[in-house]
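As structure tokens, the structure follows; a few thoughts come after it.
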Amino acid sequence: MIGQNKVTLLTREEEAKYDLSKLKFYKMSSYNESIAYFIDQDNLLVQPNVPAAEHSIILSTSDFDGNNFPLLSENDTPYYRLKDVMNEEGFTKENMMKVLQELDFSYKKDSFYDDAERFVKGLSKDDKMKFFGPALYFIGEDLHRLCPNAEWQFNTIYYFKPFAEAGLHYEKRNFSFYDLNLLLEDKLIRSKKVSFKQIYQKVEKKFMKEKELWWDFGNVKGD
């Protein structure tokens with residue numbers, strides 16, 4: 001059980017015990033696009049619309065209809081915690097500076113990487129997840145200078161509690177800077193030993209390597 005709601009978590013193995021072909025389909029949630037099937041008159045087997053999700057759940061019909069879904073650990077990401085600013089209007093330098101101020105971090109452009117490296121060593125897990133947003137923004141903007149035509153994109157992830165992931169992407173060449181997100185997750189969530197400078201360098205190297213392979217019409221190297 002989670003919280004006050006009557007929620008049962010199902011692993012993939014436990015979910016497989018239910019024969020969906022024999023369960024009556026209820027509906028898709030307009031809130032998070034999860035799919036629900038009746039297992040009895042009052043309860044539903046609910047599948048999230050996320051292929052990588054670890055769990056389905058059993059939830060009451062009233063909670064499903066009321067969008068009263070649990071926050072699972074796999075759903076509790078930095079993007080979810082900063083969901084209010086993970087959009088085109090909110091993902092700005094001004095808002096990232098506000099997050100840093102809340103963390104009592106003084107942003108200096110010229111020394112950000114070194115200052116951030118020292119700062120995060122003393123942070124709690126929750127504060128590291130909060131720091132993720134500004135780190136993504138400021139390192140992403142440094143990478144943005146390599147490819148000014150790239151744009152921040154915001155893709156909705158339909159866990160039980162939806163959120164948007166921010167990622168830098170160059171649509172013309174279909175180049176994704178998403179390795180930045182993955183490396184920051186490794187550092188700040190999984191505590192892997194990689195520095196902020198190394199993160200920038202890894203993504204920069206990949207971008208420059210792939211840029212050399214770009215060819216425009218007429219065999220002219222692309223921008």
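Here the structure is a predicted model, which means the values were calculated and not measured.
No donor-acceptor pair under 3.5 Å is formed between the side chain of His169 and the backbone N or O of Glu151. Between the side chain of Asn87 and the backbone N or O of Asp84, at least one donor-acceptor pair lies under 3.5 Å. Checked by atom type and distance alone, the side chain of Asp186 never pairs as donor or acceptor with a backbone atom of Lys192 at under 3.5 Å. A side-chain donor-acceptor contact under 3.5 Å links Asn32 to the backbone of Phe160. In this structure, the side chain of Asn95 engages the main chain of Gly90 through a donor-acceptor pair within 3.5 Å. Under the 3.5 Å distance criterion, the side-chain polar atoms of Glu210 are left unmatched by any main-chain donor or acceptor of Phe207. Remark: the backbone N or O of Ala53 is paired with a side-chain donor or acceptor of Arg12 at under 3.5 angstrom. A distance-only check finds no donor-acceptor pair linking the side chain of Asn149 to the backbone of Lys172 [under 3.5 Å].
Taking the side chain as every heavy atom from C-beta outward, Phe132 and Tyr79 approach each other to under 4.5 Å.
Two rings, from Phe175 and Phe177, have their centers less than 6.0 Å apart. Between Phe69 and Phe64, the ring centre distance stays below 6.0 Å.
For the atom pair Tyr200 OH and Lys197 NZ, the distance stands at 12.5 Å (nearest 0.5 Å). Separating the CZ atom in Arg190 from the CD atom in Glu185 is a distance of 5.5 Å, to the nearest 0.5 Å. Rounding to the nearest 0.5 Å gives a distance of 11.0 Å between OG of Ser34 and OH of Tyr26. Ile157 contributes atom CD1, which lies 5.5 Å from atom CZ of Phe163 (distance to the nearest 0.5 angstrom). Interatomic distance, OG of Ser21 versus CG of Leu23, reported as 8.0 Å (0.5 Å rounding). Atom OH of residue Tyr170 and atom CD of residue Gln153 lie 13.0 Å apart, to the nearest 0.5 angstrom.
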Pair up each side-chain donor or acceptor in residues 117-125 with any protein partner under 3.5 Å, not counting sequence neighbours, and list the distances.
| unit_1 | atom_1 | unit_2 | atom_2 | d |
| --- | --- | --- | --- | --- |
| Glu117 | OE1 | Phe196 | N | 2.9 |
| Glu117 | OE2 | Lys187 | NZ | 2.6 |
| Arg118 | NH2 | Asp115 | OD1 | 2.7 |
| Ser124 | OG | Asp127 | N | 3.2 |

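Seen from the ring of Phe131, Lys128 does not count as a face-on cation partner, given the 6.0 Å and 45° thresholds.
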- [ ] I would like to know whether Lys205 and Asp179 meet salt bridge (charged side-chain N to carboxylate O under 4.0 Å, His left out); could you show each step before the answer?
- [x] CA-CA 11 Å; Lys205 181 178 180 180; Asp179 281 4; over 6 Å; no
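What you find for Leu183 and Val194 is that their closest heavy atoms are O-CG1, 4.3 Å.
The only member of Phe138, Tyr137, Tyr113 that meets ring pair (Phe, Tyr, Trp, His ring centres under 6.0 Å) when paired with Tyr107 is Phe138.
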